[in-house]
Amino acid sequence: MIAAADDQLTIFERSRAGRRAFVAPALDVPERPLDELLAPELRRETEPRLPEVSEPEIVRHYNRLSKRNFDLDTGFYPLGSCTMKHNPKLHERVAALPGHAKLHPLQRPERAQGALELMWRLQDALSEIAGLPHVSLQPSAGSHGELAGVLLTRAYHEDRGEHRTKVLTPDTAHGTNPATVTMAGYEVVKVGTDAHGNVDIDDLRAKADTDVACLMLTNPSTLGLFEPQIEEIAAIVHDVGATLYYDGANLNAIMGICRPGDMGFDIVHFNLHKSFTQPHGGGGPGAGPIAVSDRIEPFLPRPQVIRAEAPDAEVRYELDYDRPRSIGRLRGFQGNFGVFVRSYAYIRSLGAAGLRDVSEVAVLNANYLLARLRAEGVDEFLPAAFDRICMHEFVLSGAPMKRELKIKTLDLAKRLLDHGVHPPTVYFPLLVEEALLVEPTETETKETLDRFASVVAEILREAREDPEVARTAPHTTPVRRLDEAGAARRPVLRQPL
Amino acid sequence: MIAAADDQLTIFERSRAGRRAFVAPALDVPERPLDELLAPELRRETEPRLPEVSEPEIVRHYNRLSKRNFDLDTGFYPLGSCTMKHNPKLHERVAALPGHAKLHPLQRPERAQGALELMWRLQDALSEIAGLPHVSLQPSAGSHGELAGVLLTRAYHEDRGEHRTKVLTPDTAHGTNPATVTMAGYEVVKVGTDAHGNVDIDDLRAKADTDVACLMLTNPSTLGLFEPQIEEIAAIVHDVGATLYYDGANLNAIMGICRPGDMGFDIVHFNLHKSFTQPHGGGGPGAGPIAVSDRIEPFLPRPQVIRAEAPDAEVRYELDYDRPRSIGRLRGFQGNFGVFVRSYAYIRSLGAAGLRDVSEVAVLNANYLLARLRAEGVDEFLPAAFDRICMHEFVLSGAPMKRELKIKTLDLAKRLLDHGVHPPTVYFPLLVEEALLVEPTETETKETLDRFASVVAEILREAREDPEVARTAPHTTPVRRLDEAGAARRPVLRQPL
Amino acid sequence: MSSYTSATDADRREMLAAIGVDSIDALFADIPESLRLSAPLDLGPGLSEQEVYDELRALAARNFSTEDEVSFVGAGMYDHYVPALIDSITSRSEFLTPYTPYQPEVSQGGLQAMFEYQTAICELTGLPVSNASVYEGPSAVAAAGYVAKHTNGRRKFVISRGVHPHSRETLRTHAHAWGMEVVEAPLKDGVTVLPDLDDDVSAVIVQQPNFLGAVEDLEGLSDAAHAAGALSICAGDPLPLALLRSPGECGVDIAVGEGQTLGNRLDFGGPSFGFFATTQALLRRIPGRISGETRDVEGKRGFVLTLQTREQHIRREKATSNICTAQALNALAGVIYLSWLGRRGIVELTELMLQRTAYARGRLAELDGVEPLHDRPVVREFALALDAPVEAVMARCLQEGINPGYPLGGDYPEHENGLLVAITERRTRAEIDRLVEVLGAAVAAERGRTLQEVGA
Amino acid sequence: MSSYTSATDADRREMLAAIGVDSIDALFADIPESLRLSAPLDLGPGLSEQEVYDELRALAARNFSTEDEVSFVGAGMYDHYVPALIDSITSRSEFLTPYTPYQPEVSQGGLQAMFEYQTAICELTGLPVSNASVYEGPSAVAAAGYVAKHTNGRRKFVISRGVHPHSRETLRTHAHAWGMEVVEAPLKDGVTVLPDLDDDVSAVIVQQPNFLGAVEDLEGLSDAAHAAGALSICAGDPLPLALLRSPGECGVDIAVGEGQTLGNRLDFGGPSFGFFATTQALLRRIPGRISGETRDVEGKRGFVLTLQTREQHIRREKATSNICTAQALNALAGVIYLSWLGRRGIVELTELMLQRTAYARGRLAELDGVEPLHDRPVVREFALALDAPVEAVMARCLQEGINPGYPLGGDYPEHENGLLVAITERRTRAEIDRLVEVLGAAVAAERGRTLQEVGA
Ligand SMILES: Cc1ncc(COP(=O)(O)O)c(C=O)c1O
Ligand SMILES: Cc1ncc(COP(=O)(O)O)c(C=O)c1O
């Protein structure tokens with residue numbers, strides 16, 4: 001069909017010499033010869049072969065492309081570890097206010113008081129939520145926050161004249177944790193998980209020595225389980241002089257219920273694009289602020305937003321660069337301010353009670369969904385990896401399904417697409433065979449959860465009769481299974497022009 | 001499939017007692033008993049049973065609904081007489097500026113100078129385009145402009161002490177023309193069309209007597225043909241003392257090329273949602289300003305935007321209510337200002353040369369598409385109704401197709417849907433059997449026109465082999481052919497609650 | 001070439017060749033030479049996007065929007081908060097850019113939204129039938145009058161002086177062409193007093209709450225209309241209907257009104273939408289589009305434009321109205337807004353306005369030189385009589401950044417120094433208190449001045 | 001219940017029953033009692049949408065945006081016009097709300113856009129490989145350094161003092177953890193002078209045009225790096241690359257930079273995106289997502305995330321970077337912007353800036369007490385040396401609504417009264433003339449004052 005064939009053209013393939021969308025503003029200064037302003041040897045020989053297209057074509061092209069995406073405003077998106085919760089529309093409105101969107105990052109602080117105050121208030125709120133007294137908003141995403149955290153740990157130890165070489169991460173850790181450790185110049189040491197899904201305390205104790213700079217932990221863990229021995233873990237880590245790092249990807253489970261600071265964590269990162277509703281944008285932008293304890297504070301990145309009372313008692317917000325022990329910058333300017341606006345609006349909309357309700361319902365929804373799946377008899381093939389009350393997400397293992405029904409977790413995931421549902425995270429955490437990590441979030445209705453449970457049950461029923469349907473799924477998507485191996489073997493990473 | 005079934009629920013069916021999106025601002029005044037403020041007998045007994053839904057559900061509901069619409073930013077939409085041209089995105093931005101969008105209609109003129117100046121400038125530009133000296137922006141759409149025009153005609157004649165009873169409309173006229181005539185208290189008299197698609201001058205002459213108040217004409221006509229004898233027609237009409245009304249739905253063909261005022265028209269309406277890019281919104285909003293000659297001016301609706309020079313030479317824009325011979329208001333406030341902003345932005349973006357280019361390319365595209373269809377051999381089954389150079393649109397007749405291939409114009413239209421193309425206007429103008437009125441507009445590319453021609457050819461080829469495919473089309477749309485007769489026989493016009 | 005057309009020079013050459021002419025001019029051969037423009041239109045050159053943006057922004061900056069002042073102006077359109085999700089939905093091209101859903105198979109989104117909208121309007125008005133929208137408030141009153149005219153063929157409208165002045169004038173504009181008379185029923189103590197109704201009366205038209213904010217005895221007025229064999233037409237804003245007895249409950253035959261308050265921005269007066277609801281009996285006389293539920297060939301639920309034999313494109317000169325393009329997008333905003341408010345929210349919102357309005361009315365009435373213009377119950381708007389020249393008082397308030405309301409003198413010479421004050425949920429107590437202060441000072445100052453002048 | 005959660009009281013009861021617990025509290029049993037908060041967080045109550053809107057609007061109103069002053073500030077982010085079609089596309093929920101395209105079958109929109117973006121970046125940089133985005137400019141410089149470190153294992157970076165101060169500092173933050181040294185190459189007459197490069201040098205990092213606006217001899221610098229066996233890394237803004245010899249043409253190994261100027265708003269510094277382009281040789285060391293073309297089982301063209309064995313979710317501690325969430329939406333804006341400009345437009349736009357910049361530089365240099373800081377060619381930004389205290393001059397200009405640029409003294413003590421002036425297409429000649437007038441007067445006034453003080 002013509003419409004479909006056409007949909008696969010790139011914007012470059014739609015280009016026709018002479019078409020244009022851009023109209024240049026009038027040249028209103030005396031024109032000088034180009035060669036005079038920029039000698040030929042400085043100039044490029046061939047102009048960049050950008051597409052030549054009109055505005056209507058650009059709009060239609062990307063509009064059509066958009067329809068080849070599944071999105072959160074279309075259907076259920078229980079992608080574990082990602083907190084695909086509703087993105088309130090108000091946030092886009094307030095982020096777009098010219099006073100925010102058109103504010104230059106080097107605007108002088110006295111002329112950007114609203115922005116600095118917003119950042120200060122957000123720092124304050126995040127500090128309260130984390131239970132730690134200091135916040136830097138600078139990191140650009142979760143893994144950037146992790147990097148900040150490990151670099152802070154290094155600075156902290158160096159300041160004490162200590163040289164440590166290792167960082168502990170549980171075997172359930174998200175890939176960014178070990179990758180961060182390497183990037184921060186440490187060696188990764190893995191800590192095991194016990195039969196209940198908790199950190200193996202004995203293993204931890206065995207590995208926690210004075211070469212260890214830090215333990216990075218996610219709590220609830222990537223298994224969706226709260227670490228009940230967290231206080232003991234903190235004591236072990238602190239006893240050897242290491243820091244305890246909190247990967248905040250799963251904060252959505254505990255907001256207003258308990259706080260990483262109270263658990264003994266020294267450094268926490270937030271994923272504002274998860275718990276605090278920054279839209280995920282197809283893979284960013286996000287923001288990964290960090291909260292830290294007093295002993296880590298001196299090393300925080302520069303600049304910090306501070307609140308100062310002028311002699312005339314007028315309050316002023318300032319950017320403090322005068323931080324001699326700071327690790328320095330992790331990026332340009334003041335961080336992803338547009339994200340801060342959204343997260344701040346969210347915190348104000350919900351308030352203390354609303355934030356707690358978020359976590360309560362997130363956990364309620366997850367446990368309910370697990371119960372509903374069980375009620376559908378799904379656990380025969382897709383048992384929960386750990387038979388416990390879960391937090392905001394849970395892990396199923398597709399191992400029996402693979403064995404009995406001859407369909408893999410991947411097949412189930414692909415078949416879900418045919419039902420208009422985004423699959424959960426698959427094959428993570430690595431610990432669980434054929435894992436499915438399901439995070440419904442608090443913004444989904446009971447009806448949606450019920451429907452998901454019956455769809456999964458239906459797919460399993462169908463597989464019993466004919467596993468081929470799932471194995472060759474999806475069947476109704478714009479494209480079907482793609483040759484990923486081929487793509488990696490002979491990479492085509494740009495349009496040949 | 002679950003997703004699909006679910007898509008057919010209404011927002012009312014998604015309602016669950018206790019859900020909500022709205023959070024009320026805090027009550028910040030002393031609360032008084034409701035009965036004291038509004039006695040029980042004034043209050044309704046049952047609250048309106050509006051849906052109870054959360055924000056995420058509302059967003060998802062309407063987002064999914066939206067995907068059940070075909071739209072201009074997705075594909076070709078050659079709906080004749082409707083000028084489905086690209087709607088520039090800049091227009092939405094400028095219309096949304098708070099100074100426009102949040103301006104109260106009763107703001108005092110001295111505090112709404114920007115809005116009044118914009119209206120005045122738009123009046124000025126429309127006057128120039130129409131070739132007529134005075135403009136009222138008040139009417140809300142084309143047919144509202146028509147009504148204004150006929151009421152002005154009445155006022156004009158009454159002012160001269162004349163009592164006229166009839167209005168002439170060609171048999172090709174759009175339905176709103178005769179409907180307007182009746183609504184304005186006149187009798188419709190139809191004028192025939194000659195073999196070339198022009199007004200039958202003899203018939204016109206025969207019917208044009210002193211009972212005739214007005215001739216309403218579309219030029220180019222709804223057949224997509226320019227009336228070459230327009231000057232003679234004007235003379236005939238004016239000779240009997242009637243006014244000549246220009247239905248501006250087809251203005252897109254002649255902007256900057258020729259002007260209704262120069263042709264002898266007394267009153268012109270514009271469809272800002274057609275030639276001037278106001279998005280059609282699924283059936284409005286639009287705006288239908290009118291331009292008139294000096295002799296009609298005294299009767300224009302109230303208020304008019306005028307430009308005044310104050311004694312201090314400062315320019316001021318005002319709303320002039322002091323128009324004693326005015327027909328009065330046709331609606332509240334100052335018309336569809338938001339539409340004016342978009343149209344004004346459009347005129348400024350294009351300028352004189354750009355507007356002319358619009359019409360040139362609109363006509364070029366239509367003639368090219370006609371030629372391409374012929375080149376595909378389509379004219380055997382779908383001949384042009386009139387073998388002439390067309391203007392911005394053209395009429396095909398599906399009569400031979402129906403006879404030879406046993407598929408009707410309706411079937412062709414429905415089959416086009418399967419190809420991702422919106423069908424042309426069908427069964428209008430009434431004059432042409434099995435009519436298809438095709439208006440490609442200037443914003444479509446040659447490639448799109450080529451593709452449309454081949455799709456039509458392919459459908460005809462397919463019909464030769466198996467007419468059933470078209471007769472039962474569409475096959476790929478969210479719903480298939482709907483029972484319209486049943487809907488009218490047993491009307492279900494609201495959700496039973 | 002503009003950024004909106006796509007035909008390159010090469011395209012043009014190829015296309016002309018395919019057509020078989022050698023210039024674009026040749027395509028305009030049917031236009032008599034004498035009519036062809038020899039010079040460009042006097043519109044100046046085209047501009048870049050940023051230049052147009054800058055120009056429009058500069059114009060917009062010369063308006064005082066409700067973000068630039070504290071505004072208590074209502075009088076037919078109101079500064080309500082429009083939730084962000086409305087923009088986010090209505091700006092989707094799938095809603096923004098298609099036209100009237102002539103091809104229902106690819107227009108289910110729009111058609112279902114219309115159906116939902118109709119349902120919501122029926123709920124609010126208490127009437128069983130709604131169309132999918134008309135232009136706006138005042139023309140909706142005329143449209144209702146047109147239905148009455150066709151229903152009983154009588155020659156006179158009785159319209160309350162409590163109906164919005166724009167609606168009254170719009171009705172008059174139309175009625176003249178229909179050869180019908182328009183008689184105004186006066187207000188007494190803020191509410192309508194009907195004259196004797198004879199059997200020439202086609203319809204009695206009132207507004208609830210009326211233009212002065214007063215809640216009318218709608219049932220009594222309706223009964224009187226019916227007793228004279230006339231139709232009862234009620235105009236009004238849909239939002240107060242969350243609390244008030246609905247037109248349907250009061251026996252009204254046609255309820256119409258301005259829908260701006262349902263999720264539409266002010267836009268200096270438009271585009272918004274008009275609603276039109278009526279009884280089963282008048283179903284086939286309704287103007288405009290109506291969406292109806294049906295099934296497709298496979299039995300799937302779907303929606304279509306229905307009862308089209310009323311409409312101009314089918315019935316032409318016999319149509320019940322000439323309306324074609326209406327206000328679909330604005331009505332969509334309306335139903336989204338009503339879903340956002342929801343069953344509880346609409347009551348909470350209206351009660352909040354009721355309380356704040358009562359507070360404002362009470363506090364303002366305590367001021368020297370300020371009297372309530374009537375004592376009738378009100379919901380979101382009320383009228384005051386000032387003992388000082390209202391224009392001068394306005395000017396003083398505006399200087400303080402407060403726009404205190406709409407002066408009534410122009411429309412109601414009998415209330416020369418009347419002021420109509422609207423209190424939406426946007427106006428906080430702090431703002432109301434400020435109004436009290438500023439208006440009080442302004443009235444006092446003007447009275448002082450008048451006394452001085454009198455003294456002098 | 002907030003407006004974002006949907007569980008009603010009835011839902012909660014039913015759900016708890018299905019789970020088999022009798023309170024929500026029971027679900028948190030794993031959390032030690034001692035850790036459970038006994039009091040609510042100190043965050044205050046939730047607010048209605050309009051209240052939050054009002055609060056945020058009030059905050060925003062306290063900032064001076066580029067709409068509130070005439071701004072000549074650049075220094076890494078620039079006030080370019082963002083065309084409306086970008087908002088209209090990027091605000092579509094299909095682009096705005098999904099996450100990284102892990103399920104390519106339902107993510108073709110995002111994946112194809114990435115592929116198109118990569119193509120456009122390759123065109124601009126003249127390099128054959130681009131990833132799909134990194135966070136932003138300065139961290140992209142660090143990311144490039146990380147690739148160099150892994151490529152040759154050497155222990156030193158030589159970075160030009162012409163590289164953005166934030167980039168230099170960010171590199172230093174990282175290099176410290178890698179046990180690497182950072183050496184700064186000084187500027188002379190506005191351009192980089194490399195020290196002798198020994199075989200400890202892992203990479204030479206320069207910026208084109210550099211922070212002071214000067215066009216560097218990129219090829220010469222690159223050659224020098226290569227001669228020492230080091231990698232050549234070039235940072236910079238992509239827009240001037242429309243005119244300048246591309247990094248690829250100059251032999252650069254890695255081109256990185258801040259993408260804000262490509263259709264992203266200023267947002268007080270973020271979110272924007274960083275671009276990262278390199279040679280075929282370094283392909284498997286790139287950080288972040290890359291989209292690649294492939295086919296589906298039916299042979300249909302499609303796109304997938306590819307070369308994932310570089311990435312943290314597969315390779316964990318052996319990954320080439322820890323980056324996960326990057327800046328997909330901002331990069332999408334980038335490729336839409338580049339399509340909007342198009343092949344001709346990008347040249348026209350850059351030439352317009354070049355001309356206006358030359359005009360501004362020329363006129364400003366004529367002022368008494370104002371000297372060009374260097375005479376090198378520039379594209380859109382240039383540096384001045386004022387013969388007056390720059391802070392005092394700034395203050396005077398700001399009073400006139402002109403923000404004349406970025407004072408250099410903080411980052412370059414050697415240019416205590418330096419001022420960096422950026423001229424985008426947003427700045428008209430009239431505005432430039434006004435800058436000349438205002439800055440001239442300010443400098444004159446401050447010199448007068450200084451003379452007076454000296455005299456006194
Ligand atoms: C558990 C966990 N940690 C860290 C991250 C990394 O966060 P980001 O993608 O924001 O860098 C993620 C993100 O998916 C995660 O799920
Ligand atoms: C020829 C013609 N006349 C009049 C109209 C009526 O215009 P509107 O729909 O704006 O009322 C139309 C609209 O379709 C039309 O095509």
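Letters A, B, ... are given to chains in the order of the sequence lines, protein chains preceding strands, and every chain is numbered from 1.
- Rounding to the nearest 0.5 Å gives a distance of 8.0 Å between SG of D:C122 and CG of A:L493.
- For D:L338, the parts lying near chain A are the backbone and the side chain together; criterion is any non-hydrogen pair under 4.5 Å.
- Classification of D:D267 and A:K102 as a salt-bridged pair fails, no side-chain N sitting under 4.0 Å from a carboxylate O.
- The pair D:R343-A:E47 meets the salt-bridge criterion, since a charged nitrogen lies less than 4.0 angstrom from a carboxylate oxygen.
- Judged purely by distance below 3.5 Å, without hydrogens or angles, the side chains of D:N403 and A:Q107 pair a donor atom with an acceptor atom.
- Taking OG from A:S66 and CG from D:L96, the interatomic distance works out to 11.5 Å, rounded to the nearest 0.5 Å.
- Counting only distance, with no hydrogens or angles, the side chain of D:T5 and the backbone of A:E442 share no donor-acceptor pair below 3.5 Å.
- Between A:H86 and D:Y4, the two ring planes are tilted [angle within 30° to 60°].
- A:E117 and D:R62 are joined by a salt bridge, as a carboxylate oxygen and a charged side-chain nitrogen come within less than 4.0 angstrom of each other.
- A:D71 and D:T97 are linked by a side-chain donor-acceptor pair at a separation below 3.5 angstrom, with hydrogens and angles left out of the test.
- Ring centers of A:F333 and D:H164: under 6.0 Å apart, within the cut-off.
- Taking the six-membered ring where the residue is Trp, D:Y135 and A:H144 present tilted rings, their angle falling between 30° and 60°.
- Interface remark: D:F95 contributes backbone and side-chain atoms alike to the contact with chain A (heavy atom separation under 4.5 Å).
- Residues D:N63 and A:R111 bring no donor and acceptor atom of their side chains to less than 3.5 Å of each other.
- Using modelled atom types, no side-chain atom of A:N367 and backbone atom of D:I19 make a donor-acceptor pair closer than 3.5 Å.
- D:E116 and A:Y62 share a side-chain donor-acceptor pair at under 3.5 Å.
- Under the 4.0 Å criterion applied to side-chain N and carboxylate O atoms, D:E105 and A:R480 are not assigned as salt-bridge partners.
- Ring geometry for A:H280 versus D:Y99: interplanar angle of 30 to 60°, hence tilted.
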